[in-house]
Amino acid sequence: MKILVTGGAGFIGGNFIYHELANHPEDQVICLDALTYAGNLETLAQAMENPRFRFVKGDIADRKAVFDLFEAEKPDIVVNFAAESHVDRSVTDPEVFLRTNVLGTQVLMDACRKFGIGRYHQVSTDEVYGDLPLDRPDLFFTEETPLHTSSPYSASKASADLVVLAYARTFRLPVSITRCSNNYGPYHFPEKLIPLMITRALKDQSLPVYGKGENVRDWLYVEDHCAAIDLVMRRGREGEVYNVGGHNERSNLQVVKTILKELGKPESLITFVTDRPGHDMRYAIDPAKIHRELGWLPRTPFEEGIRDTVKWYLDNRSWWEHILAGEYQAYYEKMYGGR
Ligand code: NAD
Ligand code: DAU
């Protein structure tokens with residue numbers, strides 16, 4: 001089979017490409033990625049050496065480029081990871097989020113209509129459900145939880161989900177959607193909580209925790225997410241949404257302290273800074289459906305995953321140091337300078 005992976009030069013898409021190449025030796029993988037600030041060809045360096053892999057630079061919202069690629073390659077499966085993915089950036093500049101996440105998704109759906117597709121899979125997020133209160137640990141997001149978004153990012157992802165489901169119903173496209181909780185692991189861009197804290201702690205820099213650090217996220221090791229997507233896109237029911245999460249809830253402060261312990265760095269590095277506007281309090285996924293229908297379960301306990309992740313950042317300093325040496329420095333100053 002030929003699998004088109006959009007956004008594969010980013011964090012989860014890159015891990016997914018390695019997952020597919022390793023687990024499906026009969027398949028070919030094509031990556032379409034615009035190489036925005038979050039896309040990094042160094043992530044795909046090993047894949048580039050594989051004759052079953054091809055990289056194409058291009059924008060999912062560029063109709064002509066996408067249609068030309070579909071016409072030339074006729075993919076059997078499309079997995080759409082391409083997105084603007086950082087909530088804080090969506091607060092300062094929402095427009096590109098709507099363009100890429102919504103209109104880009106629509107262009108991909110139109111290409112599927114025109115050229116035909118075996119399966120279109122949309123990689124979505126638990127953030128489409130909004131948040132849960134801290135004092136109700138019994139509540140979880142199920143696939144039936146109403147969409148209730150908070151940020152321009154989550155609004156754009158929910159909109160994209162609705163476009164995908166509308167194309168499925170109106171044009172009978174074979175689609176599926178996964179809505180996953182927070183991922184962590186190798187190749188995670190160092191603007192997100194876990195890699196930001198690891199890379200800054202390694203340089204003995206202050207660690208900016210928003211508000212009181214009590215917001216809760218449900219952390220899933222990226223390889224477990226890749227395995228879930230692979231199962232759903234091959235065996236999941238058409239037109240269905242599957243939640244993916246690990247029952248690994250931690251407050252941000254717990255996560256940061258765990259990282260400091262792993263690195264042998266002092267908690268005095270923690271600095272509480274002004275909260276994120278509209279900051280979601282708690283995310284928690286009920287993954288019963290994907291377990292019941294497809295047998296998926298997360299395999300990596302948080303303690304093991306975070307240890308491996310810290311080790312990966314220690315062993316792969318050049319990967320993140322190249323990023324930090326670039327335009328990201330100006331970004332950090334802009335976002336945190338006045339906080
Ligand atoms: P990322 O920001 O690390 O990577 C995004 C990739 O998409 C980059 O390679 C970037 O160059 C590419 N891209 C951006 N705009 C593009 C465009 N217009 N055309 C083509 N490529 C473009 O993101 P990530 O964390 O790997 O997330 C991947 C997907 O998974 C996103 O759709 C995100 O909403 C979703 N998701 C992420 C998480 C998480 O914890 N990171 C959890 C659930 C769902
Ligand atoms: O839940 C899935 C989502 O997880 C994905 O859809 C998003 O693409 C992904 O970026 C992630 O969103 P979050 O906003 O949860 O992730 P982030 O790493 O930005 O923040 C995690 C938590 O840490 C959140 O409560 C905000 C907090 N935080 C974040 C940063 C960057 C801090 O306290 N300090 C920081 O500097």
Side-chain angles (χ1 to χ4, degrees), residues 5-16 31-41 43-44 56-62 65-66 79-91 96-97 99-101 103-105 107-108 122-129 131 141 150-151 153-154 156-157 160-161 178-185 187-197 200 206-220 222 225 229 244-245 250-253 255-256 270-276 278-285 332 335-336 339:
V5 177
T6 63
F11 165 46
I12 309 175
N15 278 280
F16 182 76
C31 171
L32 174 68
D33 196 298
L35 297 181
T36 67
Y37 80 92
N40 187 348
L41 275 185
T43 299
L44 295 175
V56 179
K57 184 173 185 298
D59 180 346
I60 59 164
D62 178 343
V66 169
V79 195
N80 181 24
F81 291 91
E84 289 294 332
S85 73
H86 190 35
V87 174
D88 291 332
R89 287 183 188 255
S90 83
V91 175
V96 68
F97 282 74
R99 180 185 177 277
T100 291
N101 300 2
L103 298 179
T105 297
V107 168
L108 292 172
Q122 177 77 359
V123 181
S124 185
T125 169
D126 60 359
E127 297 202 14
V128 300
Y129 299 121
D131 65 351
F141 298 135
S150 312
S151 68
Y153 163 71
S154 55
S156 70
K157 293 295 290 184
D161 284 10
T178 40
R179 294 183 180 146
C180 189
S181 59
N182 287 62
N183 284 214
Y184 67 103
Y187 301 116
H188 204 176
F189 195 84
E191 68 184 351
K192 304 285 178 73
L193 180 75
I194 288 182
L196 181 79
M197 298 301 162
R200 286 185 68 81
S206 65
L207 308 184
V209 172
Y210 296 165
K212 295 182 188 150
E214 59 189 2
N215 305 65
V216 167
R217 297 293 183 263
D218 180 1
W219 293 98
L220 183 73
V222 64
H225 186 193
I229 294 169
V244 184
R250 300 280 188 290
S251 74
N252 294 337
L253 205 49
V255 170
V256 175
I270 294 173
T271 314
F272 293 98
V273 300
T274 310
D275 211 348
R276 169 186 283 174
H279 198 172
D280 281 339
M281 197 42 94
R282 171 178 169 248
Y283 302 145
I285 283 277
Y332 193 86
M335 298 302 263
Y336 296 87
R339 252 170 148 142

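Remember, it's 1-based here, ligands and their atoms both numbered in the order they're listed.
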Could you tell me which atoms of ligand 2, counted from 1 in the order shown, lie closer than 4.0 angstrom to a heavy atom of [X]?
X      : answer
His86  : 19 (O)
Thr125 : 1 (O), 2 (C), 3 (C), 5 (C), 6 (O)
Leu196 : 36 (O)
Tyr153 : 5 (C), 6 (O), 7 (C), 8 (O)
Tyr283 : 1 (O), 15 (O)
Asp126 : 1 (O), 2 (C)

* Asked: Residues two or more places apart in sequence or in another chain: which of them pass salt bridge (Lys or Arg N to Asp or Glu O under 4.0 Å) with Arg282?
  ->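 Checked Arg282 against salt bridge (Lys or Arg N to Asp or Glu O under 4.0 Å); matches are Glu249.
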* With a 4.0 Å cut-off on heavy atoms, does Lys157 reach ligand 2? ->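 No, Lys157 has no heavy atoms under 4.0 Å from ligand 2.
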Protein heavy atom at shortest distance from [atom]:
atom                    : result
atom 31 (C) of ligand 2 : Glu191 O, 3.3 Å
atom 21 (C) of ligand 2 : Leu193 CB, 3.8 Å
atom 3 (C) of ligand 2  : Glu127 OE2, 3.0 Å

* Asked: Looking at Tyr210, does the NZ or CZ of Arg276 lie under 6.0 angstrom from its six-membered ring centre and within 45 degrees of the ring axis?
  ->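 Verdict for Tyr210: no cation-pi partner in Arg276.
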* Best match, Asn182, Val123, Asp275, Val209: closest heavy atom to atom 11 (C) of ligand 2 -> Asn182
* Asked: Nearest heavy atom to atom 23 (O) of ligand 2: which of Ile285, Val128, Asn252 does it belong to?
  -> Asn252
* Structure fact -> Pocket residues around ligand 1 (non-hydrogen, under 4.0 Å) come out as Gly7, Ala9, Gly10, Phe11, Ile12, Asp33, Ala34, Leu35, Thr36, Ala38, Gly39, Gly58, Asp59, Ile60, Phe81, Ala82, Ala83, Ser85, Thr100, Val123, Ser124, Thr125, Tyr153, Lys157, Cys180, Ser181, Asn182, Asn183, Lys192
* To do: Please state whether the rings of Trp219 and Tyr184 are parallel, tilted or perpendicular, taking 30° and 60° as the class boundaries.
  =>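 The rings of Trp219 and Tyr184 stand perpendicular, inter-plane angle above 60°.
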* Asked: Is there at least one pair of N or O atoms, one from Asp88 and one from ligand 2, spaced under 3.5 Å apart?
  -> no
* To do: Determine, step by step, whether Ser124 and Asp161 satisfy the side chain to side chain donor-acceptor pair (under 3.5 Å) criterion, reporting the C-alpha distance in whole Å, the side-chain angles of both residues, the deciding distance to 0.1 Å, and the verdict.
  => CA-CA 7 Å; Ser124 185; Asp161 284 10; 2.9 Å; yes
